[in-house]
Amino acid sequence: MNREVALELVEKQLTERRYQHTLGVTESAIELANRYGADVKKAELAAIFHDYAKFRPKDEMRGIIVSQGMTSTLLDFHSELWHAPVGAYLVEKEAGITNTEILDAIRYHTSGRVGMTLLDKVIYLADYIEPGRLFPGVDEVRETAKISLNQAVIEAMRNTIVFLMKKKQAVYPDTFHSYNDLIMKTKEKIE
């Protein structure tokens with residue numbers, strides 16, 4: 001699928017503000033893919049479609065989570081997490097994208113996962129650092145992203161976990177496990 005067709009499909013699903021965010025994520029993903037050797041075309045498509053289900057009704061997302069046998073643990077956490085796995089499902093069904101690497105990058109762009117692939121990391125980080133994001137710590141992560149993909153993802157996850165804890169919100173287990181996995185793998189390389 002080419003960029004123009006993908007953007008046309010996605011634009012219909014998003015608000016103008018979220019569409020602008022998607023364009024920023026797409027450019028950030030292309031830049032990160034080029035810098036770290038990921039497949040640029042896959043990064044571009046995953047970034048374009050990463051928020052495809054963002055504005056679907058919660059009842060529809062809940063129904064897809066249940067009917068498709070996705071982990072029911074999702075339903076115990078904030079509905080903000082739902083659009084990623086539901087989006088991967090809908091992108092396959094409605095947009096016809098079947099590449100598992102692209103679908104997984106969409107599926108895990110909010111939570112991360114143990115054993116994140118290069119593409120997973122690119123999309124996770126691109127979503128976090130795109131130029132429209134303005135929150136404490138994002139500039140530091142942007143700078144780290146210029147020198148180390150893994151360190152930048154670790155910083156982004158740490159910031160997210162701390163943010164949720166300060167708000168006394170539950171942290172999705174996959175995010176903790178992703179963070180620990182990256183820390184352990186980074187530590188192994190250092191030692």
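Computed from a predicted model, the values in this text were never measured in an experiment.
When side chains are defined from C-beta on, Leu75 counts as touching Val66, because their heavy atoms get closer than 4.5 Å. Counting only heavy atoms from C-beta outward, the side chains of Ile65 and Tyr89 never approach each other to under 4.5 Å. Put simply, the side chain of Ile97 reaches to within 4.5 Å of the side chain of Phe49, judged on heavy atoms. In this structure, Ser178 and Met157 have side chains that are in contact, with non-hydrogen atoms separated by less than 4.5 Å.
Atom-to-atom distance recorded for Thr186:OG1 and Ile154:CD1 is 3.5 Å, nearest 0.5 angstrom. Of the inter-residue distances, the one linking Lys121 atom NZ with Leu182 atom CG reads 5.5 Å to the nearest 0.5 angstrom. Between the NE2 atom of His83 and the CG atom of Leu90 there is a distance of 12.0 Å, given to the nearest 0.5 Å. The CD atom of Glu60 sits 4.5 Å away from atom CD1 of Ile64, with the distance rounded to the nearest 0.5 Å. Taken from CG in Leu7 to CD in Glu4, the straight-line distance is 7.0 Å, to the nearest 0.5 Å.
Side-chain atoms of Glu155 and Gln151 include no donor-acceptor pair closer than 3.5 Å.
Applying the salt bridge (charged side-chain N to carboxylate O under 4.0 Å, His left out) test to every pair with at least one member in residues 158-182, sequence neighbours left out, gives these pairs: Asp181-Lys185. Residue pairs meeting the salt bridge (charged side-chain N to carboxylate O under 4.0 Å, His left out) criterion with at least one partner in residues 67-87, sequence neighbours excluded, are Lys54-Glu80. The ring-ring contact (aromatic ring centres under 6.0 Å, His included) contacts involving residues 145-185 comprise Phe77-Tyr172, where partners must be two or more places apart or lie in separate chains. Residue pairs meeting the salt bridge (charged side-chain N to carboxylate O under 4.0 Å, His left out) criterion with at least one partner in residues 90-100, sequence neighbours excluded, are Arg56-Glu94. Residue pairs satisfying the ring-ring contact (aromatic ring centres under 6.0 Å, His included) criterion with at least one member in residues 28-47, sequence neighbours excluded, are absent.
Val114 and Met116 fall into different hydrophobic clusters, where Ile, Leu, Val, Met, Phe, Trp and Tyr residues are linked whenever their side-chain heavy atoms come under 4.5 Å apart, directly or through other members. Note on Ile161: it clusters hydrophobically with Val141, by side-chain heavy-atom contacts below 4.5 Å among ILVMFWY residues. Hydrophobic clustering of Ile, Leu, Val, Met, Phe, Trp and Tyr side chains at less than 4.5 Å, counting indirect connections, unites Val91 with Met61. Under the 4.5 Å side-chain heavy-atom criterion for ILVMFWY residues, no single connected hydrophobic cluster contains both Ile183 and Val162. In the hydrophobic clustering of this structure, Leu45 does not group with Val25; members are Ile, Leu, Val, Met, Phe, Trp, Tyr whose side-chain heavy atoms approach within less than 4.5 Å, directly or through other members.
What you find for Leu14 and Asp51 is that their closest heavy atoms are CD2-O, 3.2 Å. The two residues Leu9 and Ala95 have their closest heavy-atom pair at CD1-CB, 4.1 Å. Nearest heavy-atom pair across Ala43 and Leu119 is CA-CD1, 3.5 Å. The heavy-atom pair separating Ala46 from Ile106 by the smallest distance is O-CG1, 3.8 Å. Smallest separation of non-hydrogen atoms from Ala29 and Ala47: CB-CB, 3.7 Å. Between Lys58 and Ser79 the shortest heavy-atom distance is CE-OG, 3.1 Å.
Proximity of a side-chain donor or acceptor of Thr175 to a complementary backbone N or O of Ser111 within less than 3.5 Å is detected. Trp82 places a side-chain N or O within donor-acceptor distance of the main-chain N or O of Leu74, the cut-off being under 3.5 Å. When atom types are taken as modelled, the side chain of Thr22 and the backbone of Arg18 share a donor-acceptor pair closer than 3.5 angstrom.
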Would Ile48 and Met1 satisfy side chain to side chain contact (heavy atoms under 4.5 Å, CB included), going step by step from the backbone distance to the final call? CA-CA 11 Å; Ile48 289 171; Met1 177 178 300; over 6 Å; no
Worked verdict on Gln20 versus Leu23 for side chain to side chain contact (heavy atoms under 4.5 Å, CB included): CA-CA 5 Å; Gln20 291 305 314; Leu23 294 177; 3.8 Å; yes
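Under the rule for a side chain to side chain contact (heavy atoms under 4.5 Å, CB included), the partners of Asp39 that lie at least two apart in sequence or sit in another chain are Lys41, Lys42. For Lys146, the side chain to side chain contact (heavy atoms under 4.5 Å, CB included) test picks out Arg35, Glu143, with sequence neighbours left out. Judged as a side chain to side chain contact (heavy atoms under 4.5 Å, CB included), and not counting sequence neighbours, the contacts of Glu8 are Lys12. With sequence neighbours left out, the salt bridge (Lys or Arg N to Asp or Glu O under 4.0 Å) criterion links Glu27 to Arg3. Scored by the side chain to side chain contact (heavy atoms under 4.5 Å, CB included) test, Ala38 finds Ala33, Leu118, Val122 as partners (sequence neighbours excluded).
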Let me check something: any side-chain donor-acceptor pairs from residues 123-136 under 3.5 Å, sequence neighbours excluded? List them with distances.
{"residue": "Asp127", "atom": "OD1", "partner": "His21", "partner atom": "NE2", "Å": "2.9"}
{"residue": "Asp127", "atom": "OD1", "partner": "His50", "partner atom": "NE2", "Å": "3.3"}
{"residue": "Asp127", "atom": "OD1", "partner": "Arg133", "partner atom": "NH2", "Å": "3.0"}
{"residue": "Tyr128", "atom": "OH", "partner": "Asn159", "partner atom": "ND2", "Å": "3.1"}
{"residue": "Glu130", "atom": "OE1", "partner": "Gly132", "partner atom": "N", "Å": "2.8"}
{"residue": "Glu130", "atom": "OE2", "partner": "His21", "partner atom": "ND1", "Å": "2.8"}
{"residue": "Arg133", "atom": "NE", "partner": "Asp127", "partner atom": "O", "Å": "2.9"}
{"residue": "Arg133", "atom": "NH2", "partner": "Asp127", "partner atom": "O", "Å": "3.2"}

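Other members of the cluster containing Ile30 are Val40, with ILVMFWY side chains joined at under 4.5 Å, either directly or via other members.
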